[in-house]
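Let me begin by presenting the structure, written as structure tokens, before commenting on it.
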Amino acid sequence: MSKTAYIRTKPHLNIGTMGHVDHGKTTLTAAITKVLAERGGGAFVPFDRIDRAPEEAARGITINIAHVEYETDTRHYAHVDMPGHADYVKNMVTGAAQLDGAILVVSALDGIMPQTAEHVLLARQVGVDHIVVALNKADAGDEELTDLVELEVRELLTAHGYGGDAAPVVRVSGLKALEGDPRWTASVEALLDAVDTYVPVPERYLDAPFLLPVENVLTITGRGTVVTGAVERGTVRVGDKVQVLGADTETVVTGLETFGKPMEEAQAGDNVALLLRGVPRDAVRRGHVVAAPGSVTPSRRFTARLYVLSAREGGRTTPLSTGYRPQFYIRTADVVGNVDLGGAGVARPGDTVTVTVELGRDVPLEPGLGFAVREGGRTVGAGTVTEVV
Ligand SMILES: Nc1nc2c(ncn2[C@@H]2O[C@H](COP(=O)(O)OP(=O)(O)OP(=O)(O)O)[C@@H](O)[C@H]2O)c(=O)[nH]1
Ligand SMILES: [Mg+2]
């Protein structure tokens, strides 16, 4: 492990860029790291380092490479750059589940596109409470058109319960800021100020038993198996006993890192890598949960409120009925499930219904937990667990 320890001096928050394909999420992410690196708030991460595939970048016990880290004057951020392609909604769902706030990137040239709306809807469903809007490509946009796009975005946010009138909407150019143009460097600074002030430090459940949904599994030769992810609740220290649900094994945490820096204690909200003693690489997978021993009991039957996306939102065009078997995305897990619609028996796109679900395998469940429903590679519903049966 590397030498410099992680020292907690500022509140840590998890944020991310979301929005339609090609609207400039990755360019803006790179620009943020550049602007802050010049202020001493972290290292510049160039575009092609953010956009590369995790397998190519997996080295050491480093965490999921889609994350970059940086600091403003008041906060330490882990930032996940989410892909805009429809195929990656799954990543969006699991990535967004831990976000304290999001930067919605909307091209001032194109305005709201299907994935802009889909991501706002998913963000609401997975419990992202604060969205700051980056109206990107403002360097190339016409002022009056950009005004219209801003109105449109505020309406979209309001339609999804985000209070679109109060949300900060900042006109930026990731591309020009990356080139060092002072006007647009200032626009990225303004965006970061908006994030610092508009997204509150969330309440962390530090006293709850430790729980971490596994995002990635890596091996370090000679050291063992490492799992990465964001701590959902509680704290963990080197030497702590943990249970790996899914792998059905108990083990001990023998190493702990955040962004390549060793740490003594990880707490709710931190993005970490855990080295696990004596766990074979293929015993643990994305979707498993590492938790304090005995603190959670996995189950497979639950009732939920389910919103069936309308066709306009990219959902189904036909109703679904009892016996429907889509994929459920719960935390980082992807599990098939059987849906029972009860008395009504049928739900149309656009409906919100109460359902009973029987999953194909046991996963840790609890009331209030959000999930997405996917079918043939697209999101068709979003819901919240109401009761574990
Ligand atoms: N004029 C202008 N072009 C931009 C700006 N930001 C990004 N672009 C261009 O828009 C294109 C897409 O940028 P990306 O950053 O890859 O967009 P993305 O949202 O990450 O795309 P996906 O990850 O594929 O969804 C590239 O050609 C960029 O150079 C900007 O501020 N102004
Ligand atoms: Mg990108």
Side-chain angles (χ1 to χ4, degrees), residues 15-36 38 44-57 64-70 77-96 99 102-123 128 131-147 149-150 153 156 168-192 194-195 314 377-379:
I15 62 163
T17 33
M18 58 185 198
H20 196 78
V21 57
D22 266 359
H23 280 199
K25 299 175 292 296
T26 305
T27 306
L28 181 62
T29 300
I32 290 172
T33 64
K34 179 152 191 274
V35 167
L36 287 175
E38 279 158 14
F44 171 44
V45 188
F47 183 93
D48 56 353
R49 289 267 318 273
I50 299 169
D51 235 15
R52 69 190 165 170
E55 305 82 75
E56 291 167 39
N64 189 340
I65 207 66
H67 292 82
V68 297
E69 82 173 318
Y70 48 78
Y77 287 101
H79 174 129
V80 53
D81 175 41
M82 283 177 286
H85 314 71
D87 287 352
Y88 287 86
V89 173
K90 166 178 161 186
N91 290 9
M92 158 76 197
V93 170
T94 56
L99 294 188
I103 300 174
L104 177 67
V105 180
V106 183
S107 160
L109 309 179
D110 303 314
I112 292 174
M113 297 294 274
Q115 286 149 26
T116 315
E118 188 182 10
H119 289 190
V120 171
L121 176 90
L122 285 170
V128 177
I131 292 182
V132 173
V133 179
L135 276 189
N136 194 36
K137 310 196 186 186
D139 60 286
D142 161 282
E143 190 107 5
E144 277 174 36
L145 246 166
T146 308
D147 289 344
V149 173
E150 175 168 342
V153 178
L156 175 75
V169 177
V170 186
R171 295 175 190 207
V172 301
S173 171
L175 192 64
K176 293 288 173 193
L178 207 46
E179 289 169 3
D181 182 321
R183 171 173 173 203
W184 299 108
T185 297
S187 76
V188 170
E189 300 252 8
L191 177 71
L192 289 164
V195 173
R378 67 199 167 119
T379 305

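Numbering of ligands and ligand atoms starts at 1, following listing order. Note: hydrogens, waters and symmetry copies are ignored here, and every other heavy atom, side chains too, is used. All of these numbers come straight from a predicted model, not from anything done at the bench.
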| query | Hey, what do you get for OG1 (Thr27) to NZ (Lys176), rounding to the nearest 0.5 Å? | reply | 12.5 Å

| In terms of atom number and element, which parts of ligand 1 are under 4.0 angstrom from non-hydrogen atoms of Val21? | 24 (O), 25 (O)

| request: Looking only at distances, please establish whether an N/O atom of ligand 1 is found under 3.5 Å from an N/O atom of Leu175. | output: yes

| said: Applying a heavy-atom cut-off of 4.0 Å, say which part of Lys137 lies close to ligand 1: side chain, backbone, both or neither. | reply: both

| Atom CG in Asn136, atom CG in Leu28: separation rounded to 0.5 Å? | 5.5 Å

| message | Within ligand 1, which atoms have a heavy atom of Ser173 less than 4.0 Å away? | response | 30 (C), 31 (O), 32 (N)

| Under 3.5 Å, side chain of Thr33 to main-chain N/O of Val45, donor-acceptor pair present? | yes

| Verdict with reasoning, Arg171 to Asp147, per salt bridge (Lys or Arg N to Asp or Glu O under 4.0 Å) | CA-CA 10 Å; Arg171 295 175 190 207; Asp147 289 344; 2.8 Å; yes

| message | Suppose we only count N/O/S atoms under 2.8 Å; would Thr27 qualify as near the Mg ion (ligand 2)? | response | no

| remark: Which of Val105, Leu191, Leu104, Val149 passes side-chain contact (heavy atoms from CB on, under 4.5 Å) with Leu135? Answer is Val149

| Donor + acceptor pair across side chains of Thr29, His79 (<3.5 Å) | yes

| Based purely on interatomic distance, does Gly24 place a nitrogen or oxygen under 3.5 Å from a nitrogen or oxygen of ligand 1? | yes

| Between Leu28 and ligand 1, which part of the residue brings a heavy atom under 4.0 Å of the ligand: side chain, backbone, both or neither? | neither

| note | Under 4.0 Å from one or more heavy atoms of Asp139, ligand 1 contributes atoms 1 (N), 2 (C), 30 (C), 31 (O), 32 (N)

